[in-house]
Amino acid sequence: MLDANLLLDDTETVVAALARKGVAEDTVLAARDALANRRSVLSELESMRAEMNRRSKEVGRLMAAKDPSAETERAGLGDLKARIAQQETRNREAEDAARQEMLQLPNLPAPEAPDGGEADNVVLRSWGRAEEEFRGTTYRPHWDVAGDLGIFDPERAAKLSGSGFALLYGDGARLVRALGQFALDLHGETYTEVLAPHVVRGQLMEGTGHLPKFADDAYNIESDDLWLIPTGEVPLTGLHQDEILDPEELPKRYMTYSACFRREAGSAGKDTRGLQRVHEFHKVELVRICTPDTVQQEFEQLLNDAETSLQRLELPYRVVDLAAGDLTFSSSRIFDLEVYAPGVDKWLEVSSVGNFTDFQARRGNIRYRVPGGRTAPVNTLNGSGLATPRVWAAIIEHGQRSDGTVEVPEVLVPYLGKKVIEPRG
RNA sequence: GGAGGCGUCGCCUAGUCCGGUCUAUGGCGCCGCACUGCUAAUGCGGUUUGGGUUCAUCGCCCAUCGAGGGUUCAAAUCCCUCCGCCUCCGCCA
């Protein structure tokens, strides 16, 4: 949620900033007008209530004094009561309208984010072997390698749950668990490990910005009015909803290894082969909650943490600075980490490290006590510490050998219990 | 799933039966000031949250006693629905 006062007092700034995210000026102005209208309706309602409160107390005094005019005064309040009821209806409508408009507005992009859309994303740096070095050698896609090893079975996955689900066996399954364990151990010094529910209230989804606009992307359990989390970000960021935190206890750093559920509505058939895009996967998510004055530093550390995971796994990756028009709804700045997968010959997005400034904090009502005594929204950040399906695919493609076996990165050996994955017997 | 109990401004707590001086009591904690060589103790004052008005302060106004409705001139208090917690029973890993 944007700061209502900023939108009211400095509409031009908001219009200009959101234009970079592709939001039409009319949309912003509509929200501004809805806010202004709500404010004037509420103001009117409040003065009516003030009058009612004053005269009601007077009735009480007159009745206690046995004053005969009490009954007259009491009866005279009926009209005011009716007018207040009408104004309350108007106020409720104005408030709902303003809220709906505000929930539709995305976060402001950071001034430093590049202009333009997806085509204008900037590759900041690369790590590991260059893409060109893989030319001249034939790499098979992970679904072929893993299929032949007998550790990946998309056909039966479809039988169980429909298209877009994964089914892994033996070392394939164990590799997922190894990756999760590896990432948790790697980041355990910095982050508090959390095991949170995978099923949450809509309020939490709204807090992170996944609702109401993107309801079609998430799985909803209607019978209980609950949602399957699309990312561990949702419960971790939601931990402190409606709380006022002591600045002494900030920053808070949490991580969770969780399943993630995504309907991927609208993206069917696009780069979906193998494990590139699945409805359910496992991920270690990193979340930081801090004050605005430390957010930049926390952001850099978070990016560094996400990169460290890939470096330890010896996977070549690049850091992409997303252009304003390609930023997600709730973010102000995002650095994507993309791993090069030689089998599919593509850069796979494996982590999206984002700064959400106070946008999620406003939606989720997460505040801290400013030294002066006032409260202010905190800042939130998150990024994948390790997302298994695409990293899993990259490891299979990089480690494949001519005899069909797969050599895994050294750091995973203790977790997998072996250096080479061989065909399942 | 069933029965019962409970939910008050950081924590504990009074108030709810019987609606109006509740502008929500008291204690603890915390903040400020005074006293004091320092600390402690003591005294005085302040301390829910959100919004509005104001350049800002002070002040004033509105809402807020788990949430949402209802009754009433008036609701912490009466009625309804929901949520959460506790105890017992059932079921179960």
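The chains referred to below are lettered A, B, ... by the order of the sequence lines, with proteins before strands, and numbering in each begins at 1.
Between B:rG52 and A:Arg39, a contact under 4.0 Å exists linking OP1 or OP2 to a side-chain N or O. An OP1 or OP2 oxygen of B:rC62 is reached within less than 4.0 angstrom by a side-chain nitrogen or oxygen of A:Asn53. Applying the 4.0 Å criterion to OP1 and OP2 of B:rU72, one finds that A:Arg74 has every side-chain N and O outside that range. Under 4.0 angstrom from either OP1 or OP2 of B:rU47 there lies no side-chain N or O belonging to A:Arg374. In terms of phosphate contacts, A:Lys57 brings no side-chain nitrogen or oxygen within less than 4.0 Å of OP1 or OP2 of B:rG20.
B:rC30 atom C1' lies 15 Å from atom CD1 of A:Ile244, rounded to whole Å. Between A:Asp9 atom CG and B:rU54 atom C1' there is a gap of 14 Å when expressed in whole angstrom units. Between the CZ atom of A:Arg49 and the P atom of B:rA74 there is a distance of 12 Å, rounded to whole Å. Taking atom CG of residue A:Asp3 and atom P of nucleotide B:rG50, one finds them 14 Å apart after rounding to whole Å. In this structure, CE of A:Met52 is placed 13 Å from P of B:rC62, rounded to the nearest angstrom. Going from atom CD of A:Gln241 over to atom P of B:rG66 covers 20 Å, rounded to whole Å. Distance CD1 (A:Ile84) to C1' (B:rC62): 11 Å, rounded to an integer number of Å. Between A:Asp225 atom CG and B:rU81 atom C1' there is a gap of 16 Å when expressed in whole angstrom units.
Comparing B:rC83 with B:rG68, their C1' atoms are spaced 10 Å from each other, to the whole Å. Remark: the separation of the P atoms in B:rC30 and B:rU39 is 15 Å, to the nearest Å. Separation of the P atoms belonging to B:rU57 and B:rG51 is 14 Å when rounded to the nearest angstrom. The separation of B:rC65 from B:rG4, taken at their P atoms, amounts to 26 Å, rounded to a whole angstrom. Taking atom C1' in both B:rG69 and B:rG27, the straight-line distance is 36 Å, to the nearest Å. Spacing of C1' atoms, B:rA24 relative to B:rA63, comes out at 16 Å, to the nearest Å. Comparing the C1' positions of B:rG70 and B:rC6 gives an interatomic distance of 23 Å, to the nearest angstrom. Taking the C1' atom of each, B:rA40 and B:rC35 are spaced 13 Å apart, rounded to whole Å.
RNA chain B is contacted by both A:Arg92 and A:Val59; A:Arg92 maps to the nucleotide lying nearer its 5′ end (nearest heavy atom per residue). Nearest-nucleotide assignment on RNA chain B puts the 5′-proximal partner with A:Ala376, out of A:Leu45 and A:Ala376.
Among the heavy atoms of the strands lying under 4.0 Å from A:Met63 is at least one base atom, whether or not backbone atoms are also near. In this structure, A:Arg54 reaches neither bases nor backbone, as no heavy-atom distance under 4.0 Å exists between it and the strands shown.
Across all strands shown, B:rG1 forms a Watson-Crick or G-U wobble pair, both distances under 3.5 Å, with B:rC89. Pair check for B:rU42 finds B:rA34; Watson-Crick or G-U wobble, both atom distances under 3.5 Å. Remark: B:rU64 base-pairs with no nucleotide in the shown strands. Criterion, Watson-Crick or G-U wobble with two distances under 3.5 Å. Summarising the base pairing, B:rG59 is matched to B:rU53 through a Watson-Crick or G-U wobble pair whose two defining distances lie under 3.5 Å. In a base pair of the Watson-Crick type (N1 to N3 plus N6-O4 or O6-N4) or a G-U wobble (N1-O2 and O6-N3), with each distance short of 3.5 Å, B:rG19 is matched with no nucleotide.
Counting only heavy atoms from C-beta outward, the side chains of A:Trp227 and A:Val234 never approach each other to under 4.5 Å.
In summary, A:Asp96 and A:Arg92 do not engage in a salt bridge, as defined by a charged side-chain N under 4.0 Å from a carboxylate O. Using a 4.0 Å cut-off between charged side-chain N and carboxylate O, A:Asp171 and A:Arg424 make no salt bridge. A salt bridge does not link A:Arg54 to A:Glu51: none of the charged nitrogens lies less than 4.0 Å from a carboxylate oxygen. Electrostatic pairing of A:Arg61 and A:Asp67 does not count as a salt bridge here, judged by no charged N lying under 4.0 Å from a carboxylate O.
Comparing B:rU49, B:rU72, B:rG50 by their closest approach to the side chain of A:Thr375 singles out B:rG50. Closest to the side chain of A:Ser56, from the set B:rC83, B:rG51, B:rA74, is B:rA74. Comparing B:rC61, B:rU49, B:rC73 by their nearest atom to the side chain of A:Ala50 picks out B:rC61.
When A:Arg99, A:Arg363, A:Lys213 are each tested for a salt bridge (charged side-chain N to carboxylate O under 4.0 Å, His left out) with A:Glu206, only one passes: A:Arg99.
A:Thr388 contributes no side-chain N or O that, together with a main-chain N or O of A:Val176, makes up a donor-acceptor pair within less than 3.5 Å.
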